[in-house]
Amino acid sequence: MDKTYRPRDIEQAHYARWEANGYFKPGGHGEPWCVVIPPPNVTGTLHMGHAFQDTIMDALTRYQRMCGRNALWQPGTDHAGIATQMVVERQLNAEGTTRTALGREQFVERVWKWKNESGGQINQQLRRLGASVDWSRERFTMDDDLSAAVTKVFVSLFDEGLIYRGKRLVNWDPQLHTALSDLEVLQEDEAGHLWHFRYPFADGEGYLVVATTRPETMLGDSAVAVHPDDERYRHLIGRDLMLPLVDRRIPVIADDYVDPEFGSGCVKITPAHDFNDYEVGKRHDLPQYNIFDDNAAINDDAPEVYRGLDRYVARERIVADLDALGLIDKIDDYERKVPRGDRSGAVVEPYLTNQWYVKIKPLAEPAIEAVETGRIRFVPDNWSRTYFEWMNNIQDWCISRQLWWGHRIPAWYDDAGTIYVAASEDDVRRKYDLGKDVALRQDDDVLDTWFSSALWPFSTMGWPQQTEALKAFYPGNVLVTGFDIIFFWVARMIMMGLKFAGDVPFREVYIHGLIRDQDGQKMSKSKGNVLDPLDLIDGVDLDTLLEKRTRGLMQDHLKPKIEAATRRQFPNGIEEYGADALRFTFAALATTGRDIRFDLGRIEGYRNFCNKLWNAARYVHMNTEDVGSAEPEFSSADRWIRSRLHHAAAAVHEHFARYRLDLAAQAIYDFTWYEFCDWYLELSKPVLQADDASAELKQGARRTLADVLEAVLRLLHPIMPFITEEIWLQTRQRAGVEGDTIMLRPYPLAADFAADEDAESEIEWVQQFILGIRQIRGEMDISPGKALPVLMQGTTDTDNALAERHAALLQRVGRVESVRALDAGEEPPAAATALLGDLRLLVPMEGLIDVDAERQRLAKQRDRVQADLERSRAKLDNPKFVNNAPADVVTKEQARITEFERQLSRFAEQLEKLDRL
RNA sequence: GGGCGAUUAGCUCAGGGGUAGAGCGCCACGUUGACAUCGUGGAGGUCGGUGGUUCGAAACCACCAUCGCCCACCA
């Protein structure tokens with residue numbers, strides 16, 4: 001092995017071999033285990049959120065696979081209707097043509113071409129991350145069989161009356177010219193105005209003042225509403241107003257919806273352009289005046305002067321015209337929610353159109369019950385409340401989109417507009433018994449992308465065919481996703497799964513946090529704080545990073561700021577950390593239910609951990625080259641590290657079971673660094689490097705080194721697949737294990753390594769001894785190379801036995817020259833002191849040690865113990881404590897007092913001795 | 001308006017009714033044949049505030065403060 005760990009030398013080759021050998025496929029044995037990837041947009045590239053999520057899924061999958069499960073991680077991509085159509089349309093525009101010029105058929109062909117040539121970049125990036133998805137099962141939401149599943153679900157919901165078509169107000173994106181579901185609309189606070197207009201009464205006497213944030217919609221007003229109990233206006237209910245500029249008579253109506261406290265207490269009602277007004281209009285049977293066209297410009301039903309004007313141009317004109325008529329009461333500044341499309345960013349318009357809807361309540365009810373009864377469990381549990389909150393107030397789902405890229409709705413119309421729904425035109429004719437003479441036209445709309453995503457857990461398994469995969473891997477065990485997607489996807493999968501696949505789609509939903517930057521900011525292009533996971537793996541120089549962060553910025557003026565911030569944070573670009581360090585960082589940060597600040601300090605620390613492991617392996621290899629034929633004899637240290645590994649493995653299994661990858665990572669890290677490297681490797685040296693150690697003991701140490709290293713690699717593999725594979729391949733013979741890859745080796749069980757209380761307490765004694773001496777050395781500024789003589793005062797038989805048995809360890813690891821117990825009656829010399837229970841370790845001074853410094857050091861330690869003692873005494877002096885606390889707590893407290901008192905008297909003796917010098 | 005969460009060392013975060021933890025950073029020392037991407041030692045916190053429950057609260061409860069997120073139709 002090279003002296004230094006270099007991730008780029010090892011990662012890609014191992015992945016290629018794993019993939020070529022089919023190691024990612026379910027092994028076919030053991031209980032099935034399955035997780036489906038949340039299919040990334042086919043247009044997408046890997047961002048930090050993906051990398052985080054995929055690391056979690058990969059760690060879980062590798063863990064389950066090594067635990068002997070028939071494990072499947074199902075990959076694939078989403079056709080992402082709007083996003084993909086936008087990408088290709090942009091290309092067409094750059095070529096000087098348009099989607100409409102091309103026509104539907106050619107455009108769709110063009111998108112397929114783009115998909116086949118440029119789509120799915122993210123799959124290559126997933127490989128760099130080490131994702132052990134079964135590529136042979138890769139699916140795309142518009143594959144033939146998945147599309148067939150979509151059609152089948154649509155037809156069957158329609159036949160059951162759960163899908164209907166209706167003319168209603170929808171969220172209309174006037175830029176993309178499509179309807180959007182409620183979830184795809186983001187409400188943002190934006191500064192605006194509240195205009196107060198005077199609407200004169202039709203009989204010419206007086207006026208009412210109405211307040212609005214959208215003056216242009218007044219062209220579509222069909223009433224003014226007041227609260228029925230509002231004394232100011234009660235007597236005016238039923239009278240008519242004359243709508244200015246339009247000259248339409250509109251009534252004053254009474255409705256509870258009006259808040260008398262707000263504005264003037266009079267609300268203009270525009271049923272065709274506001275969701276509330278739409279409801280009010282229905283209640284009062286008001287006419288709906290649509291004043292917009294598809295672009296949200298004024299249409300031809302409005303007064304001529306405004307026709308063709310964009311909504312905002314019209315707004316200005318209308319305000320000016322009302323002003324000229326003296327009909328403006330006042331204009332206040334006002335902050336209002338502005339609805340914007342999540343893809344286009346355009347202000348969404350409530351707009352009357354024909355759309356397809358899913359009647360959702362009948363589907364929601366069983367889905368709510370599935371979580372209530374625990375058939376599906378959220379991890380952490382509090383997300384179930386968010387889920388219930390939404391599901392209990394769920395609205396019918398608008399599933400039609402006026403796009404060309406997607407699953408075309410399987411509905412046909414005859415010339416009379418009758419709707420026929422079946423899988424194909426032929427099916428329609430058969431099903432509805434229509435002759436060849438009946439002309440049929442297919443609906444132009446496609447389905448919301450999330451409609452097909454909702455079927456993902458079973459459509460990828462071959463549904464509606466009852467495939468082996470469906471039987472084995474549905475329901476999946478867990479879904480791993482972010483909270484932002486609970487409504488979009490999780491809820492809908494649960495509804496569709498229960499309806500069509502006969503069971504919940506997964507048993508548990510692991511919700512992870514959002515990756516933010518080091519300051520807690522969301523990562524976004526416009527903020528210029530985006531980190532590319534690939535840059536963390538491979539490293540990137542400053543110029544490239546600057547270029548990436550400023551290329552294609554929507555707002556050019558942000559560029560200098562982003563550049564400056566980037567230069568400040570990454571003066572030398574980003575170092576190469578490797579996929580394993582990145583993955584370990586994600587795992588270590590994967591605390592549930594909390595956003596995560598991505599801190600470069602962490603990834604650097606974990607890259608160093610890789611290096612530590614690498615070098616520990618080098619040491620092990622160096623010492624296990626010639627494996628002799630001797631029977632191994634295991635020393636206390638050997639048995640100690642095995643026992644520690646027993647506990648570590650048990651802890652890791654517990655943490656995985658609770659999805660606490662952070663704790664699992666921490667447990668392995670601690671064991672590897674602080675027990676295996678810091679202690680065991682050091683404790684093995686005196687044996688392996690001593691001429692007088694027996695061949696059997698040496699063999700015991702060699703075997704232990706190899707066994708423990710090999711097990712650590714397996715423990716670590718789900719989180720760090722590459723480095724563990726690399727080292728493991730070079731370790732396997734030394735550890736006497738078979739296999740072509742660590743991936744398919746069993747995960748270590750606690751039972752594989754014996755717990756050994758005796759060895760643990762023995763080695764703990766050795767550790768305390770050495771730590772005591774190190775502390776003296778460190779604080780007394782004694783050179784680390786100087787071997788110290790140590791005298792023991794107040795030894796028990798055990799102490800004497802341990803000191804003798806482990807003399808070599810104490811000498812070598814503790815840099816101790818000699819260890820000797822004081823004889824009975826022997827006067828201890830002036831010395832620096834460390835306490836080891838009852839035992840005192842004395843390091844004679846003889847010019848080594850500064851008396852005053854030692855006095856101060858001991859006094860400090862004494863004061864600490866004194867403080868502890870006083871706290872304990874106060875407790876025990878309190879009869880309530882003694883009477884009420886559990887007996888073992890009281891006993892423990894008493895024991896502590898005894899111990900503190902003993903230590904204090906030791907300190908006192910030593911200090912007194914120093915004083916006499 | 002409804003819901004959820006956070007507040008612990010300089011920074012990023014674990015923990016959890018009985019002794020306050022890690023990484024990074026900081027200080028000192030160090031080329032001991034795995035590792036300076038390292039080793040050894042050290043400094044550093046009245047666990048946001050106030051009340052309550054309890055023998056005992058940083059932890060449980062209530063309220064408050066600050067910050068954040070999600071949902072919702074006040075024109």
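Side-chain atoms are counted along with the backbone in the values below, which use heavy atoms only and exclude waters and symmetry mates. These numbers come from a predicted model, not from an experiment. Chain A is the first sequence line, chain B the second, and so forth, proteins listed ahead of strands; every chain is numbered from 1.
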Side chain of [X], heavy atoms from C-beta onward: which of [options] has the nearest atom to it?
X         : options                : answer
Arg774(A) : U40(B), G42(B), A14(B) : U40(B)
Asp259(A) : C4(B), A75(B), U40(B)  : A75(B)
Arg896(A) : U19(B), C35(B), G41(B) : U19(B)
Pro886(A) : G15(B), C38(B), G18(B) : G18(B)
Phe487(A) : C71(B), A75(B), G41(B) : C71(B)
Leu663(A) : C74(B), A14(B), C38(B) : A14(B)
Asn611(A) : U19(B), G30(B), C35(B) : C35(B)
Asn878(A) : U37(B), C69(B), C55(B) : C55(B)
Asn884(A) : A75(B), C35(B), C55(B) : C55(B)
Asp678(A) : A75(B), U40(B), U32(B) : U40(B)

Legend entry - Greater than 12 external heavy atoms within 6.0 Å of Arg658(A)'s CZ: no
Legend entry - Glu335(A) atom CD: more than 12 heavy-atom contacts under 6.0 Å: yes
Considering every strand and a 4.0 Å limit on heavy-atom distances, what is the contact class for [X]: base, sugar-phosphate, or nothing?
X         : value
Cys610(A) : nothing
Trp673(A) : sugar-phosphate
Gln666(A) : sugar-phosphate
Gly192(A) : nothing
Asn883(A) : nothing
Tyr334(A) : sugar-phosphate

For the pair made of [atom1] in [X] and [atom2] in [N], what is the distance, rounded to whole Å?
X         : N      : atom1 : atom2 : result
Glu625(A) : A34(B) : CD    : C1'   : 13 Å
Gln856(A) : G42(B) : CD    : C1'   : 14 Å
Phe881(A) : A57(B) : CZ    : P     : 12 Å
Ile253(A) : A75(B) : CD1   : P     : 18 Å
Lys268(A) : C73(B) : NZ    : C1'   : 15 Å
Lys612(A) : C38(B) : NZ    : P     : 7 Å
Asn171(A) : C73(B) : CG    : C1'   : 12 Å

Closer than 4.0 Å, any side-chain N/O of [X] to the OP1 or OP2 of [N]?
X         : N      : value
Arg871(A) : A20(B) : yes
Gln775(A) : U40(B) : no
Lys860(A) : A43(B) : yes
Arg602(A) : G23(B) : no
Tyr619(A) : C38(B) : no
Arg597(A) : C13(B) : yes
Asn393(A) : C71(B) : no

Inset, instruction - Could you grab the distance from atom CG of Asn615(A) to atom CG of Asp2(A), nearest 0.5 Å is fine? - result: 10.5 Å
Inset, instruction - Please say which of Lys330(A), Arg315(A), Arg214(A) ends up in a side-chain contact (heavy atoms from CB on, under 4.5 Å) with Trp195(A). - result: Arg315(A)
Inset, instruction - Quick one: list whatever passes salt bridge (charged side-chain N to carboxylate O under 4.0 Å, His left out) with Glu190(A), sequence neighbours left out. - result: Arg340(A)
Donor-acceptor contacts, no H, no angles, side chain residues 386-393 of chain A, under 3.5 Å, sequence neighbours left out:
unit_1    : atom_1 : unit_2    : atom_2 : d
Tyr387(A) : OH     : Ala367(A) : O      : 2.7
Asn392(A) : ND2    : Phe388(A) : O      : 3.0
Asn393(A) : ND2    : Glu389(A) : O      : 2.8

Inset, instruction - Spell out yes or no: do the side chain of Gln395(A) and the base of A72(B) have one donor N/O and one acceptor N/O closer than 3.5 Å? - result: no
Legend entry - Parallel, tilted or perpendicular: rings of Phe586(A) and Phe52(A) (30°, 60°): tilted
Legend entry - Parallel, tilted or perpendicular, as decided by the 30° and 60° cut-offs, for the rings of Tyr669(A) and Trp673(A): tilted
Inset, instruction - State the dot-bracket string of RNA chain B. Criteria: Watson-Crick or G-U wobble, both atom distances under 3.5 angstrom; notation: ( ) intrastrand, [ ] crossing earlier pairs, | interstrand, . unpaired. - result: (((((((..((((....[..)))).(((((.......))))).....(((((..]....))))))))))))....
Legend entry - Trp172(A) ring center near Tyr351(A) ring center (under 6.0 Å): yes
